[in-house]
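Below: one structure, written as structure tokens.
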2 protein chains.
Amino acid sequence: MARARSEERRAEILRATLEVIAERGYRGATLGAVAERVGLTQQGLLHYFPTKEALLVAVLEDRDRWDTGGGGGEEGAWRLELLGSLVEYNAMRPVIVRTFSALLGESVTEDHPAREFFTRRYTQVRAGMAATLRAEYGDTLPGGLSPERAAVLLVAVMDGLQYQWLLDPEAVDMPGAFGDFLGLLKGPEAPS
Amino acid sequence: MARARSEERRAEILRATLEVIAERGYRGATLGAVAERVGLTQQGLLHYFPTKEALLVAVLEDRDRWDTGGGGGEEGAWRLELLGSLVEYNAMRPVIVRTFSALLGESVTEDHPAREFFTRRYTQVRAGMAATLRAEYGDTLPGGLSPERAAVLLVAVMDGLQYQWLLDPEAVDMPGAFGDFLGLLKGPEAPS
DNA sequence: CGAAACCTACCGTGCTACCGGTAGGCGCGT
DNA sequence: ACGCGCCTACCGGTAGCACGGTAGGTTTCG
């Protein structure tokens, strides 16, 4: 029972950390703020995660499990049609989007603990997307690009849209815009 | 001479600030680090810019002048072909790209002093792009999108590519990828 | 002389992290 | 059955540092 309670606590803490990072970024986040949100003192929090950085990597690993686990096949093999739904899903989870957009932004700075994570993650995701595209369209997409080159753009559009959407949700229809892009990739439809 | 020297100093300071933000982000940047880089004490620095935030807005205004001034017409009317060159130019200025990518990332957090700047800036840039696209292609792009919808994607691709490129410059050919996207926008070429 | 351009000294705050507790539960030997 | 010791889950105190910012000088130049 104590063990279960402990796991539960850790999950609470991770959720709270996610929120706090969404609000202030990693550098702006403080152990005290996270602790307060789960009803602990800062010292109690450090009992579960020995350092601030440990907390961050736990959040990152959590995410990693989540979207390599739910993604279907082994190497992040998203079905192409499902990508649109993913974006729609994200549009309903602004906190998570904010967290990872903030972290991505910070991660390009020096010695940031999330940098390696994101670097590796993006190469994986690009490879996965490229594989999916190749499986679906062969070596040349309808738009004329190779799967690898299209994959870079696909990822770029997803990230870039998130920033515009976070800054001004009213002005940017994220899922719609992503759909537009998918349309471009698929090339000009023959009939109607 | 003192006046000239002063202006010169301020320019030095802004350049140093840009560098420090590129390395540590705004929140991670410290007045001491900026001061050291221009050979001042932290208090000497505060003589020129009374607060840390004043320093940031100066950097932002500087950028604003730069790329509304150099952009050609009034409302950021970039010629479409020049966008490719801009991306190539950026690929040679990693420090600036890093600075603004880091700031963009931070700006989605709460109470960030750059948030309003980015929000306004993006609406402007989108509008400018849309105007350019409309001038060049009319109300429907070859790819089938309206100028406004294409503008969102254009901006998203530029930003998204920057992050991938900053994290792994070897793996991502930023100008090439952007060229690919422009190709998609322009739709399938008729002849060859 | 007077203003601009600094510097030295200092303050208050906030943050991470360590040290040393304490309270309760649980196994274990006798 | 029961007490002993250990483990988990915390909290109070605080060290140690870095940061942003203020106050008040001092040099330097016109």
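Protein chains get the first letters and strands the later ones, always in sequence-line order, with residue 1 at the start of each.
A side chain to side chain donor-acceptor pair (under 3.5 Å) check over residues 80-89 of chain B, counting only residues at least two apart or in different chains, returns the pairs B:Y89-B:R93.
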- Let me have a per-nucleotide readout for nucleotides 12-26 of chain D, 5' to 3', with B, S or -, counting only protein heavy atoms under 4.0 Å. BB-----SBBB----

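Atom CG of A:L40 is separated from atom P of D:dT8 by 17 Å (rounded to the nearest Å). Rounded to whole Å, atom P of C:dC15 lies 11 Å from atom CD of A:E36. If you take CZ of A:F49 and P of C:dA17, they are 14 Å apart, rounded to a whole angstrom. Counting to the nearest Å, the C1' atom of C:dC18 and the CG atom of A:L45 are 15 Å from each other.
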- Query: How does DNA chain D read in dot-bracket, base by base from 5' to 3', with Watson-Crick or G-U pairs under 3.5 Å and | used when the partner is on another strand?
  - Reply: ||||||||||||||||||||||||||||||

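Between B:F117 and B:F100, the distance separating the two ring centers is not shorter than 6.0 angstrom. Ring centers of B:H112 and B:F118: at least 6.0 Å apart, outside the cut-off.
Close to C:dA5, at under 4.0 Å from its OP1 or OP2, lies a side-chain N or O of B:H47.
For the atom pair A:L104 CG and B:Q164 CD, the distance stands at 9.0 Å (nearest 0.5 Å).
B:D159 and B:Y122 are linked by a side-chain donor-acceptor pair at a separation below 3.5 angstrom, with hydrogens and angles left out of the test. Residues B:T99 and B:R63 have side chains that never bring a donor and an acceptor to within less than 3.5 angstrom of each other.
Using a 4.0 Å cut-off between a side-chain N of Lys or Arg and a carboxylate O of Asp or Glu, B:R134 and B:E148 qualify as a salt bridge.
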- Might you work through the salt bridge (Lys or Arg N to Asp or Glu O under 4.0 Å) test for A:E110 and B:R98, ending with a clear yes or no? CA-CA 10 Å; A:E110 279 169 13; B:R98 244 151 81 116; 3.5 Å; yes

